[in-house]
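See below for the structure under consideration.
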Amino acid sequence: MTRGTDIDCNELVEIVTDYLEGTLDADIHRRVTEHLDQCDGCDAYVEQMRETVRLAGTLRQDELRPEMRDRLLAAFRGWRTDTTPSA
Amino acid sequence: MEVRQSRTVGPAVDSADARLVRALRDGDEAAFARLVERWTPTMLAVANSCVPSRAVAEDVVQETWLAVLTGLHRFEGRSRLRTWVFSILVNIARSRGARERRSVPFSALSYDETAPTVAADRFLPSGDEWAGHWSAPPLAWDLPESAALSGEIRSRLRAALDALPARQRAVVQLRDVLGLDPGEVCELLGLEPGNQRVLLHRGRARLRQALEDYMNEART
Ligand SMILES: [Zn+2]
């Protein structure tokens with residue numbers, strides 16, 4: 001992107017994450033905000049990136065599959081039996 | 001191998017760690033289950049950064065827990081228990097990753113980190129008065145709240161996440177699925193902050209595209 005000129009939509013979509021993370025220079029950050037005020041397409045894009053993050057958070061509950069949890073607990077019982085034969 | 005009787009946990013150990021180690025050595029299954037619930041999702045994500053698939057990451061994590069249990073008597077508390085467990089994990093994941101790379105077609109692991117994340121034909125071409133602006137802008141989504149979210153959307157999103165290149169998948173899992181902050185993710189994966197953001201951006205962009213494809217199908 002050229003300094004001092006407007007940001008094009010195809011440039012903006014590549015700095016959305018830097019924008020959301022708050023790591024852009026203040027000047028560029030301000031220009032992104034201005035662009036979003038005037039551009040429905042980019043505004044929708046940024047909103048969808050936020051939605052994507054929110055939806056990814058809903059996957060948390062199935063990160064540890066029950067089968068895997070059961071396998072690990074079975075492994076623990078096997079280990080316990082091997083290490084404490086008298087128990 | 002050196003064997004000592006009734007080793008006690010040294011004073012340098014964090015007392016919560018010491019209690020945990022004692023509980024595990026005593027065979028306390030509930031304590032192990034809690035630890036597994038708390039750490040396994042993060043461990044899976046870290047393993048993902050080195051291996052080509054979720055299935056292999058699960059193998060790596062299982063192998064790690066076994067190594068932790070069988071090595072527990074050697075844990076001396078010179079580091080935090082968590083640090084120790086994750087260092088075992090990273091060793092196992094790296095050697096497994098190296099083996100997979102030799103046996104799996106490399107295309108599954110390589111990818112372009114500089115290509116645009118949004119297809120070029122969605123923007124007006126150079127020469128046009130509005131070059132670089134949307135020709136096919138994204139249409140607004142009408143999504144239910146997460147509680148009412150259809151299983152279909154979740155499974156599509158899960159499939160898109162599983163299909164990401166290893167490092168993107170690991171970063172998105174840690175940041176967006178598990179909610180870790182950027183500093184923690186850089187530390188766990190050994191990444192520079194800028195690199196972490198690039199991987200996050202590329203991963204998120206692919207997930208967004210998968211959701212958009214789904215929404216467009218639902219509209220027709
Ligand atoms: Zn725009």
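Lettering of chains follows the sequences in order, A, B, ..., and the numbering in each one begins at 1.
- Cys39(A) touches chain B through its side chain: at least one heavy atom from C-beta onward sits under 4.5 Å away, while N, CA, C and O do not.
- If you measure heavy-atom distances from Ala33(B) to chain A, the contacts under 4.5 Å come from both the backbone and the side chain.
- Between Glu47(A) and Arg208(B) there is no salt bridge, since none of the side-chain N atoms of the basic residue sits less than 4.0 Å from a carboxylate O of the acidic one.
- Contact tally against chain A (heavy-atom pairs below 4.5 Å) for Val36(B), Leu139(B), Leu157(B), Leu44(B): the top residue is Leu157(B).
- Heavy-atom pairs under 4.5 Å with chain B peak, among Met49(A), Glu14(A), Arg60(A), at Glu14(A).
- To the nearest 0.5 angstrom, Trp134(B) atom CH2 is 8.5 Å from Leu12(A) atom CG.
- Looking at Leu69(B), both its backbone and its side chain come within 4.5 Å of chain A, counting heavy atoms on both sides.
- In terms of heavy-atom pairs under 4.5 Å with chain A, the best-connected choice from His133(B), Glu29(B), Arg122(B) is Glu29(B).
- A distance of 8.5 Å separates CH2 of Trp79(A) from CZ of Phe32(B), quoted to the nearest 0.5 Å.
- In this structure, the side chains of Trp130(B) and Asp8(A) stay at 4.5 Å or more apart for every pair of heavy atoms.
- In this structure, the portion of Gln173(B) lying under 4.5 Å from any heavy atom of chain A is its side chain and not its backbone.
- The most heavy-atom pairs under 4.5 Å with chain B, out of Asp43(A), Thr23(A), Val16(A), come from Thr23(A).
- For Thr117(B), the parts lying near chain A are the backbone and the side chain together; criterion is any non-hydrogen pair under 4.5 Å.
- Interface remark: Leu72(B) contributes side-chain atoms only to the contact with chain A (heavy atom separation under 4.5 Å).
- When side chains are defined from C-beta on, Leu24(B) counts as touching Phe76(A), because their heavy atoms get closer than 4.5 Å.
- When every heavy atom of Gly41(A) is checked against every heavy atom of Pro137(B), the shortest pair comes out as CA-CB, 3.9 Å.
- Residues of residues 178-194 of chain B lying under 4.5 angstrom from chain A, judged on non-hydrogen atoms, are Leu178(B), Pro182(B) in numerical order.
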Inset, instruction - Test Gln61(A) against Arg154(B) for side-chain contact (heavy atoms from CB on, under 4.5 Å), laying out the working first. - result: CA-CA 11 Å; Gln61(A) 63 209 70; Arg154(B) 293 244 318 262; 3.8 Å; yes
Inset, instruction - Under the side-chain contact (heavy atoms from CB on, under 4.5 Å) rule, what do Thr42(B) and Glu63(A) come out as? Steps first, then yes or no, please. - result: CA-CA 9 Å; Thr42(B) 312; Glu63(A) 276 297 281; over 6 Å; no
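- Using a 4.5 Å cut-off between heavy atoms, Asp28(B) touches chain A through its backbone atoms (N, CA, C, O) alone.
- Contact count against chain B (heavy-atom pairs under 4.5 Å) is highest for Leu59(A) among Leu64(A), Leu59(A), Leu73(A).
- Atom NE2 of residue His201(B) and atom OH of residue Tyr19(A) lie 14.5 Å apart, to the nearest 0.5 angstrom.
- Rounding to the nearest 0.5 angstrom, the gap separating the CG atom in Asn10(A) from the CG atom in Leu124(B) is 9.5 Å.
- Between the CG atom of Asp176(B) and the OG1 atom of Thr52(A) there is a distance of 9.0 Å, given to the nearest 0.5 Å.
- Between Glu51(A) atom CD and Glu212(B) atom CD the span is 13.5 Å, to the nearest 0.5 Å.
- Contact of Ala131(B) with chain A is made through the backbone alone, with heavy-atom distances under 4.5 Å.
- The shortest distance between side-chain heavy atoms of Leu200(B) and Glu21(A) falls below 4.5 Å.
- In this structure, Glu67(A) and Glu58(B) have side chains that are not in contact, with every pair of non-hydrogen atoms separated by 4.5 Å or more.
- Looking at Arg54(B), the atoms closer than 4.5 Å to chain A (heavy atoms on both sides) all sit in the side chain, from C-beta outward.
- Put simply, the side chain of Leu211(B) does not reach to within 4.5 Å of the side chain of Gln48(A), judged on heavy atoms.
- With a 4.5 Å cut-off on non-hydrogen atoms, Leu207(B) touches chain A through its backbone and its side chain both.
- In this structure, the portion of Trp65(B) lying under 4.5 Å from any heavy atom of chain A is its side chain and not its backbone.
- With a threshold of 4.5 angstrom between heavy atoms, Gln196(B) approaches chain A through side-chain atoms but not through N, CA, C or O.
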